[in-house]
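Here's the structure we're looking at; comments come further down.
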2 protein chains.
Amino acid sequence: MLKRVLDEARHASRLRETSPEADTRERILEAGSDLFQRRGFNGFSYKHIAVLLGLRHAAIHYHFRNKSDLGLALLQRYRRIFLEWAEELESRVDDEWDRLQAYFGLYVDYQRSGSLICPSGVVSNDFDSLPEAMQEEARQLLRDRWNWLTRTLDNGRSAGKLNFPGRAAERALVIGAAMQGALQIDRVTSNNRMEQIIAQLELEMRRDVSDIDNGRSS
Amino acid sequence: MLKRVLDEARHASRLRETSPEADTRERILEAGSDLFQRRGFNGFSYKHIAVLLGLRHAAIHYHFRNKSDLGLALLQRYRRIFLEWAEELESRVDDEWDRLQAYFGLYVDYQRSGSLICPSGVVSNDFDSLPEAMQEEARQLLRDRWNWLTRTLDNGRSAGKLNFPGRAAERALVIGAAMQGALQIDRVTSNNRMEQIIAQLELEMRRDVSDIDNGRSS
DNA sequence: GTCTATAGATCGATAGAC
DNA sequence: GTCTATCGATCTATAGAC
């Protein structure tokens, strides 16, 4: 069982590309991140990380006293990476349609990294068994994504770049839920279902741009 | 930790309503089903079930030699229940819109039973760590749902009961993924996000029916 | 069918040497 | 910072009494 996990994890090329000079704390977070999205918070141990990094599990405890600390650091890291991604994207890309494309791209990347589940999906699934400190951070993680999607959809419709019926906040919920589920479904059917889902979501938001005037009056 | 799990599980009123006469095998499956959707396949043990049923864990092994057998039986049971649900529904309800409402109702029931995750969501998340026999059954579980949704959407659009752009099979993927994600998101935000998602999905499928009828001129 | 008792593995975590 | 060694808890599973 352990061997199987490690075989899977080694497929994540990101790990191999980690420079040997990177300090141990960061390497732990990278390995932990991969295991977290592959097996869930309760599905990996200090030993899994230790083997991947060529250390003993006691060494991990030096950097993260207990697993709750490690999990919290992982969630904070996910939040930071997402917010930095959004900031960089918005400084570079103006069109909300293109921004949404970039958002979908995040999920395609997860899929291509060996059918990883998105961080929101992991915390949603394991929520009841997470330490309380992680639960609060998990709520914020989902809120960050929701806020970004809502804002992007709202601005995009106002600018005529995309369209959808109803309120942006609720369409954002549907898109977030669908992408989260898509990544999970894709790992079972392994038939590029996620790209079909992305294509369908795009189709739904593009087709009504032409009747933006008469579509919303009912 | 164990205590916390059991406190949570006892909230599932279905368990309390189980008649004492029900044979042990079926009671194991009922308790296992609740734990499965609450904690994932790796998140519960024979001991959890045993405590809930007032037995010793060795007794569970008499009915299910190992956990893989138990898990397989759970998945087969989920598939049977869904297919029976669909058959009963279709013998009673003709309108595809109403059938879709009933489908959404399944998820509302899960949510009200203490934010359970749907079976498809659990197997998707735990897929990599499932025994091989369970993986094949998991694929079928998702396929059953997808087939049913595709058929219902296709027939419903042909009959003018609902509308959506693109192909039924792909819209079915979006709806399945969105409902699966909705249940997960709901358990984190605990703010009835799922009902908002259902309302949005309904809005998206209803709004264009009038466009077709009115030739988009109103 | 259910029990007691036990096996071996793995888990998260700590103490103390180097 | 990383190591060896060890702890107590929990896990899946089996043997054998009743």
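By convention in this document, chain letters (A, B, ...) are assigned in the order of the sequence lines, proteins followed by strands, and residues within each chain are numbered from 1.
Listed by chain and residue number, A:Tyr46 satisfy the ring-ring contact (aromatic ring centres under 6.0 Å, His included) test with A:His61 (two or more places apart in sequence, or in another chain). With sequence neighbours left out, B:Phe64 forms a ring-ring contact (aromatic ring centres under 6.0 Å, His included) with no residue at all.
In this structure, A:Phe41 atom CZ and C:dC11 atom C1' are separated by 13 Å, rounded to whole Å. Residue A:Asn42 contributes atom CG, which lies 13 Å from atom C1' of D:dC11 at whole-angstrom precision. D:dG16 atom C1' lies 15 Å from atom NE2 of B:His61, rounded to whole Å. Atom CG in B:Asp23 sits roughly 8 Å away from atom P in C:dG1 (whole-Å rounding). A:Arg56 has its CZ atom 17 Å from the C1' atom of C:dT14, to the nearest Å. Between the CG atom of A:Leu53 and the P atom of D:dG1 there is a distance of 15 Å, given to the nearest Å. In this entry the distance linking CG of A:Asn66 with P of C:dC11 reads 17 Å, nearest Å. Rounded to a whole Å, the CD1 atom of B:Ile28 is 10 Å from the C1' atom of C:dG1.
Considering only the side chain of B:Leu55, C:dC3 comes nearest among C:dC11, D:dT2, C:dC3. With D:dA5, C:dA13, C:dC11 as the candidates, the nucleotide lying closest to the side chain of A:Tyr46 is C:dA13. Counting only heavy atoms from C-beta on, A:Tyr62 has its side chain closest to D:dT2 among D:dT2, D:dT12, C:dC3.
By the 6.0 Å and 45° rule, B:Arg157 stacks over the aromatic ring of B:Phe164.
Checking A:Glu90 against A:Trp148 by side-chain atom types alone, a donor-acceptor pair falls below 3.5 Å.
Applying the 4.0 Å criterion to OP1 and OP2 of D:dG1, one finds that A:Thr24 has every side-chain N and O outside that range. Contact between the side-chain N/O atoms of A:Ser45 and the OP1/OP2 oxygens of C:dT10 is not found at any separation under 4.0 Å. Considering only side-chain N and O atoms, A:His57 lies nowhere under 4.0 angstrom from the phosphate OP1 or OP2 of D:dT4. Checking the phosphate oxygens (OP1, OP2) of D:dG1, no side-chain nitrogen or oxygen of A:Arg25 falls inside 4.0 Å. Between A:His63 and D:dT2, a side-chain N or O to OP1/OP2 separation shorter than 4.0 Å is present.
Of all the residues in residues 67-74 of chain A, A:Lys67 reach under 4.0 Å from DNA chain C with at least one non-hydrogen atom.
Using cut-offs of 30° and 60° for the angle between ring planes, the A:Tyr107 and A:Tyr110 rings count as perpendicular.
The side chain to side chain contact (heavy atoms under 4.5 Å, CB included) test with B:Tyr78 is passed by exactly one of B:Ser33, B:Cys118, B:Ser120: B:Ser33.
Between B:Ala31 and B:Ile49, the shortest heavy-atom contact is CB-CG2, 4.2 Å.
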